[in-house]
Participant: 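The structure is given below, and queries will be raised subsequently.
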Amino acid sequence: MSTNVKTDREEGISLKGLLIDVIQIVVTAFLLTFILLIFIQPSIVSGDSMYPTLHHNDKLILWKLGTPDAGDIVVFDSHNPNNDKYVKRVIGVAGDHIEIVDSIVSVNGTVLDETYVNHAEPLIHKEDVDLIVPDGEIYVLGDNRNHSNDSRSFGTVRLDDVDGKVVFNLDKTIRNIFGSK
């Protein structure tokens, strides 16, 4: 009889241990998910305004902390009637002097070397720009300049409207692995 009592106790302990392990796993997964959602956010590209850097329907991971720097790609609230999110490249930050003359972009008197711009078609000259980026704001442009609604149209973007900066592009990684454009 003593053998059955010992076996029952061992089963009780391992069932209790299993329940504790499951609870720990669920709580850990919940906490990790919650923490990750504080720092990162998924996003999907809609349109071709950032081509060739980003393609329509690319899946992105955004980093939500910190202030974007010039050259970063950011996603932000457009404040248009559809509540669209825009994805654009930061050209200038607070205090920067932005000049665009005949489609040539200068920041603080230095012409940008914009190798990322879509040069497949000649740039259509839009209105010239000459401004200082206000505090708490950024100046953004699309890489596909002829097909981009950006700061040239709607002005600077408030940092409060920025969802985050792009830190990972899943589809670009897949394209690089499989060699497709």
Side-chain angles (χ1 to χ4, degrees), residues 40-176 179-181:
I40 65 171
Q41 174 180 325
S43 187
I44 298 176
V45 176
S46 177
D48 293 318
S49 71
M50 286 298 293
Y51 182 83
T53 306
L54 302 175
H55 297 220
H56 179 66
N57 283 331
D58 275 1
K59 284 85 177 163
L60 310 173
I61 299 294
L62 309 179
W63 183 251
K64 293 167 51 170
L65 298 178
T67 304
D69 294 319
D72 288 343
I73 297 173
V74 295
V75 174
F76 58 94
D77 188 356
S78 68
H79 291 289
N80 69 14
N82 297 330
N83 287 324
D84 293 327
K85 299 290 184 174
Y86 285 173
V87 57
K88 306 292 178 200
R89 185 177 303 275
V90 177
I91 298 301
V93 298
D96 282 346
H97 180 205
I98 308 294
E99 291 180 288
I100 304 176
V101 179
D102 295 329
S103 300
I104 297 171
V105 180
S106 298
V107 178
N108 300 323
T110 302
V111 174
L112 296 184
D113 180 20
E114 298 184 296
T115 57
Y116 44 79
V117 171
N118 181 15
H119 294 290
E121 53 190 71
L123 290 176
I124 298 170
H125 173 70
K126 292 189 176 184
E127 291 182 33
D128 292 344
V129 172
D130 187 358
L131 65 85
I132 305 284
V133 180
D135 284 339
E137 300 187 12
I138 54 176
Y139 192 87
V140 296
L141 295 175
D143 290 356
N144 196 4
R145 298 283 161 81
N146 290 342
H147 306 282
S148 179
N149 184 24
D150 49 38
S151 286
R152 295 172 296 173
S153 304
F154 52 73
T156 56
V157 174
R158 294 179 327 153
L159 289 174
D160 292 343
D161 291 331
V162 176
D163 291 345
K165 66 179 177 178
V166 175
V167 292
F168 184 73
N169 180 343
L170 175 64
D171 292 278
K172 181 178 180 180
T173 302
I174 291 170
R175 285 192 297 271
N176 288 341
S180 62
K181 298 268 179 180

Participant: Does the side chain of Arg89 reach to within under 4.5 Å of the side chain of Met50, using non-hydrogen atoms?
Facilitator: yes
Participant: How long is the straight-line distance from CD of Glu99 back to CG of Leu112, given to the nearest 0.5 Å?
Facilitator: 11.0 Å
Participant: Kindly indicate, with the supporting measurements, whether the criterion side chain to side chain contact (heavy atoms under 4.5 Å, CB included) is fulfilled by Phe76 and Val140.
Facilitator: CA-CA 10 Å; Phe76 58 94; Val140 296; 3.9 Å; yes
Participant: Check this for me, if you would: do Arg145 and Glu114 make a salt bridge, where the nitrogen-to-carboxylate-oxygen distance has to be below 4.0 angstrom?
Facilitator: yes
Participant: Can you find a side-chain donor-acceptor pair between Asn118 and Asp143 that sits under 3.5 Å?
Facilitator: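 Side-chain D/A pair, Asn118 to Asp143: absent.
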Participant: So, do Val45 and His55 sit near enough that their side-chain heavy atoms are less than 4.5 Å apart?
Facilitator: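 Answer no - side chains too far apart.
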Participant: Might you confirm whether atom OH of Tyr51 has over 12 heavy atoms from other residues, nucleotides or ligands at distances under 6.0 Å?
Facilitator: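 No.
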Participant: To the nearest 0.5 Å, what is the distance between CG (Leu54) and CD1 (Ile44)?
Facilitator: 13.0 Å
Participant: Provide the closest heavy-atom pair for Ala94 versus Gly136 in the form atom of the first, atom of the second, distance.
Facilitator: CB-N, 4.1 Å
Participant: Do the side chains of Ile91 and Ile100 get nearer than 4.5 Å, heavy atoms only?
Facilitator: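 A side-chain contact is absent here, since even the closest heavy-atom pair is not under 4.5 Å.
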Participant: Closest approach of Pro122 and Asn146, non-hydrogen atoms and distance?
Facilitator: O-ND2, 2.8 Å
Participant: With rounding to the nearest 0.5 angstrom, report the OG1 to NZ distance, Thr67 to Lys165.
Facilitator: 9.0 Å
Participant: Side chain to side chain contact (heavy atoms under 4.5 Å, CB included), that's the test. Do Val74 and Val166 meet it? Break it down for me.
Facilitator: CA-CA 6 Å; Val74 295; Val166 175; over 6 Å; no
Participant: Is any side-chain heavy atom of Pro42 closer than 4.5 Å to a side-chain heavy atom of Lys59?
Facilitator: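 Side-chain contact under 4.5 Å: no.
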Participant: Are Asp171 and Asn57 side-chain neighbours, meaning at least one heavy-atom pair lies under 4.5 Å?
Facilitator: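 No. Closest side-chain heavy atoms not under 4.5 Å.
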Participant: Going by atom types only, do Asp161 and His79 share a side-chain donor-acceptor pair under 3.5 Å?
Facilitator: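 Side chains of Asp161 and His79: pair found under 3.5 Å.
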Participant: If you look at every heavy atom in Leu159 and Pro68, which pair is closest and at what distance?
Facilitator: CD2-CD, 3.8 Å
Participant: Is there a donor-acceptor contact under 3.5 Å from the side chain of Asp96 to the main chain of Ile98?
Facilitator: no
Participant: Ignoring hydrogens and geometry, is there a side-chain-to-backbone donor-acceptor pair from Asn144 to Asp48 under 3.5 Å?
Facilitator: yes
Participant: Please tell me if the side chains of Val93 and Val133 come closer than 4.5 Å, counting only heavy atoms from C-beta onward.
Facilitator: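 The answer is no; the side chains never approach within 4.5 Å.
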Participant: Count the heavy atoms of every other residue, nucleotide or ligand shown that sit under 6.0 Å from NZ of Lys64, and state whether that count exceeds 12.
Facilitator: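 Yes.
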Participant: Would you sort out whether Leu170 and Ile61 count as a side chain to side chain contact (heavy atoms under 4.5 Å, CB included), showing the intermediate values?
Facilitator: CA-CA 8 Å; Leu170 175 64; Ile61 299 294; over 6 Å; no
Participant: Can you tell if the side chain of Val105 reaches within under 4.5 Å of the side chain of Tyr139, non-hydrogen atoms only?
Facilitator: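 Of all side-chain heavy-atom pairs linking Tyr139 with Val105, none is under 4.5 Å.
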Participant: Please confirm whether the backbone N or O of Ser46 pairs with a side-chain atom of His56, one donor and one acceptor, at under 3.5 Å?
Facilitator: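 The answer is no, because no donor-acceptor pair under 3.5 Å joins these two groups.
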Participant: In this structure, are over 12 heavy atoms from other groups packed under 6.0 Å from Glu127 atom CD?
Facilitator: no
Participant: Taking the side chain as every heavy atom from C-beta outward, state whether Pro134 and Thr156 have any atom pair closer than 4.5 Å.
Facilitator: yes
Participant: Does the pair Asp130 and His97 meet the rule for a side chain to side chain contact (heavy atoms under 4.5 Å, CB included), with working shown?
Facilitator: CA-CA 7 Å; Asp130 187 358; His97 180 205; 2.5 Å; yes
Participant: Between NZ of Lys85 and CG of Leu60, what distance do you get to the nearest 0.5 Å?
Facilitator: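 Those atoms lie 13.5 Å apart.
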Participant: State the NZ-OG distance between Lys88 and Ser78, to the nearest 0.5 angstrom.
Facilitator: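 That separation rounds to 10.0 Å.
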Participant: Restricting to non-hydrogen atoms, name the atom on Pro52 and the atom on Val117 that form the minimum distance, rounded to 0.1 Å.
Facilitator: CD-C, 4.4 Å
Participant: Can you give me the closest heavy-atom contact between Asp150 and Gly142, atom names plus distance?
Facilitator: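 Heavy atoms of Asp150 and Gly142 come nearest at OD2-N, 3.1 Å.
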Participant: If we check side chain to side chain donor-acceptor pair (under 3.5 Å) with Asn169, which of these qualifies: Asp58, Thr53, Asn176?
Facilitator: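 Answer to the side chain to side chain donor-acceptor pair (under 3.5 Å) test with Asn169 among Asp58, Thr53, Asn176: Asp58.
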Participant: Which value, rounded to the nearest 0.5 Å, describes the distance between His147 atom NE2 and Glu121 atom CD?
Facilitator: 3.5 Å
